[in-house]
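Have a look at the structure below before the remarks.
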Number of protein chains: 2
Amino acid sequence: MKYSNATNYALHTMVYLIWLPKASTVGVQDLAEFQKLSPTYLSKILTKLTKAGLIESTPGAKGGYKISKSPKEISFLDVIIAIEGESNLFNCSIHHNEGCLIEKVMRESEDNMKEELSNRLLIDIVEKMELQKQAKESN
Amino acid sequence: MKYSNATNYALHTMVYLIWLPKASTVGVQDLAEFQKLSPTYLSKILTKLTKAGLIESTPGAKGGYKISKSPKEISFLDVIIAIEGESNLFNCSIHHNEGCLIEKVMRESEDNMKEELSNRLLIDIVEKMELQKQAKESN
DNA sequence: TTATTAGAGACAACAAGAATCTTTAATATC
DNA sequence: GATATTAAAGATTCTTGTTGTCTCTAATAA
Ligand code: SF4
Ligand code: SF4
């Protein structure tokens with residue numbers, strides 16, 4: 001059990017887009033080159049992010065992607081769900097039993113992780129990165 | 001991303017073994033029938049649990065499996081690691097960066113889940129199940 | 001010695017993920 | 001309106017890991 005690579009790529013892309021100057025769009029070509037990925041493959045990941053409302057896309061010349069304005073507060077969980085879907089990690093094999101204690105523990109532990117992931121915003125770590133960068137430059 | 005079915009089977013088996021009267025062994029045949037599984041397949045799962053030290057196996061006539069005496073306190077996490085291994089959910093694709101903030105968040109959230117899973121003991125839910133059963137019978 | 005049971009190995013079936021190629025649709029610019 | 005540019009969708013292949021079966025070997029109680 002592990003996250004798909006697509007989730008990894010999506011997180012990197014989102015951080016990059018947030019780090020970018022606002023209102024500037026960037027094409028899938030650049031994003032792919034930045035991560036050493038095939039543009040068509042990354043395109044599918046970006047489409048998922050778009051459908052989840054995390055980024056906006058405009059086709060045509062001078063088009064590309066940019067961060068969706070409305071959610072200035074995009075959490076890690078938002079990105080993960082956009083890629084992995086929102087199904088549970090643990091699902092009962094055969095006879096689903098209402099109020100089962102095994103399931104309860106598994107779900108609760110998963111919720112713990114999701115809780116943490118929903119509280120962590122991408123913008124926070126981007127800001128930290130910029131601080132680190134500034135500190136380095138002032139050396 | 002989801003738990004493998006093997007983890008599900010392993011959890012059911014462990015709960016069943018703990019629920020069983022102590023020191024009584026049960027063969028893979030019975031355990032497989034109980035879960036509607038092929039014995040040979042379940043056998044592999046049981047071998048993993050044995051190697052992890054969670055259960056003991058004795059071959060030969062009147063042999064079978066029983067819960068390992070020493071750890072009366074087997075956590076959910078123990079079972080999960082025995083099956084899924086102990087690799088991280090999130091691992092960096094290409095250029096691993098020391099002190100990366102993305103990785104940090106992902107690891108911390110995962111640790112949250114594992115923390116919860118390590119605090120939950122199988123024996124606890126077996127005891128709860130027995131209480132539920134008694135309550136039902138006294139009706 | 002024999003019946004019984006776990007364990008190991010090879011192997012097939014299947015599903016999901018990763019990745020590429022091709023075609024289509026939308027849009028800014030001229 | 002024509003054209004260049006760019007996202008989106010579809011089909012398809014490749015790879016990987018899981019699931020499951022079959023067969024053979026090793027250990028052990030009776
Ligand atoms: S986890 Fe509980 S509800 Fe799910 S299959 Fe097992 S016993 Fe049934
Ligand atoms: S998560 Fe961080 S350390 Fe890992 S590949 Fe991405 S940037 Fe590098």
Side-chain angles (χ1 to χ4, degrees), chain A residues 1-13 17 23-33 35-68 80 82-85 87 89-91 93-94, chain B residues 1-10 12-13 17 23-33 35-68 80 82-85 87 89-94:
Chain A
M1 178 174 69
K2 55 191 270 298
Y3 287 105
S4 71
N5 291 345
T7 296
N8 197 320
Y9 300 144
L11 284 171
H12 285 89
T13 307
L17 285 177
S24 69
T25 67
V26 55
V28 68
Q29 311 291 343
D30 296 342
L31 291 171
E33 190 176 356
Q35 291 180 83
K36 310 240 190 305
L37 267 183
S38 127
T40 32
Y41 179 44
L42 183 58
S43 175
K44 311 223 149 170
I45 297 171
L46 291 170
T47 301
K48 279 189 177 180
L49 293 174
T50 305
K51 286 188 174 169
L54 303 182
I55 59 180
E56 290 178 0
S57 71
T58 52
K62 292 290 174 185
Y65 296 93
K66 67 180 172 187
I67 214 72
S68 187
I80 291 170
I83 304 298
E84 305 270 348
S87 66
L89 295 190
F90 182 84
N91 36 357
S93 40
I94 327 161
Chain B
M1 178 175 68
K2 55 190 268 296
Y3 288 104
S4 71
N5 291 344
T7 295
N8 197 319
Y9 301 144
H12 285 89
T13 307
L17 285 177
S24 69
T25 68
V26 55
V28 68
Q29 310 291 342
D30 296 342
L31 291 171
E33 191 176 355
Q35 291 179 84
K36 309 237 188 308
L37 266 184
S38 126
T40 32
Y41 180 45
L42 183 58
S43 175
K44 310 217 152 174
I45 297 172
L46 292 170
T47 301
K48 278 188 177 180
L49 293 174
T50 305
K51 286 187 173 169
L54 302 182
I55 58 180
E56 289 178 2
S57 70
T58 52
K62 292 289 177 189
Y65 295 92
K66 66 180 172 186
I67 213 73
S68 186
I80 291 169
I83 304 298
E84 306 270 348
S87 65
L89 294 190
F90 181 84
N91 37 357
C92 294
S93 40
I94 330 161

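In what follows, every heavy atom counts, from backbone to side chain, and hydrogens, waters and symmetry copies are set aside. Letters A, B, ... are given to chains in the order of the sequence lines, protein chains preceding strands, and every chain is numbered from 1.
Interatomic distance, A:Lys44 NZ to A:Leu42 CG, rounded to the nearest 0.5 Å: 12.0 Å. Interatomic distance, CG of A:Asn5 versus OH of A:Tyr41, reported as 6.0 Å (0.5 Å rounding).
In this structure, the nucleotide among C:dG7, D:dT21, C:dA19 sitting nearest to the side chain of A:Leu37 is C:dA19. Closest contact between the side chain of B:Val28 and the listed nucleotides C:dA6, D:dA8, C:dA8 involves C:dA6. Which of C:dA18, D:dT19, D:dC22 sits closest to the side chain of B:Thr40 comes down to D:dC22.
You'll find the side chain of B:Ile83 reaches within 4.5 Å of the side chain of B:Leu49, heavy atoms only. Using a 4.5 Å cut-off on side-chain heavy atoms (C-beta onward), A:Thr13 and A:Ile45 make no contact. A 4.5 Å side-chain heavy-atom check between B:Met1 and A:Met1 finds at least one atom pair inside the cut-off.
Residue B:Lys51 is in sugar-phosphate contact alone, with no base atom involved, counting any heavy-atom pair closer than 4.0 Å across all strands shown.
At whole-Å resolution of the value, OH in B:Tyr9 and C1' in D:dT19 are 8 Å apart. Remark: P of D:dA8 and CD of A:Gln29 are 13 Å apart, rounded to the nearest angstrom. Going from atom OH of B:Tyr41 over to atom C1' of D:dT23 covers 19 Å, rounded to whole Å. Atom P of nucleotide C:dA16 and atom NZ of A:Lys48 are separated by 13 Å, given to the nearest angstrom. If you measure from atom NZ of B:Lys2 to atom P of D:dT18, you get 10 Å, rounded to the nearest angstrom. Residue B:Gln35 contributes atom CD, which lies 13 Å from atom P of D:dT19 at whole-angstrom precision. Summarising the geometry, the separation between CD on A:Glu33 and C1' on D:dT6 is reported as 16 Å, rounded to the nearest angstrom.
Summary of the strand contacts: B:Thr50 and A:Pro59 both lie near DNA chain C, and taking for each the nucleotide with the nearest heavy atom, the more 5' one is attributed to B:Thr50. Of the residues near DNA chain D, B:Lys62 and A:Met1, the one whose nearest nucleotide (by heavy atom distance) lies more toward the 5' end is A:Met1. Nearest-nucleotide positions on DNA chain C place B:Ala61 closer to the 5' end than the other of B:Ala61 and B:Ser57. DNA chain D is contacted by both B:Ser4 and A:Tyr65; A:Tyr65 maps to the nucleotide lying nearer its 5′ end (nearest heavy atom per residue).
A donor-acceptor contact under 3.5 Å is formed by the side chain of A:Lys44 with the base of D:dG10.
In this structure, B:Thr47 reaches the C:dG7 phosphate: one of its side-chain N or O atoms is under 4.0 Å from OP1 or OP2.
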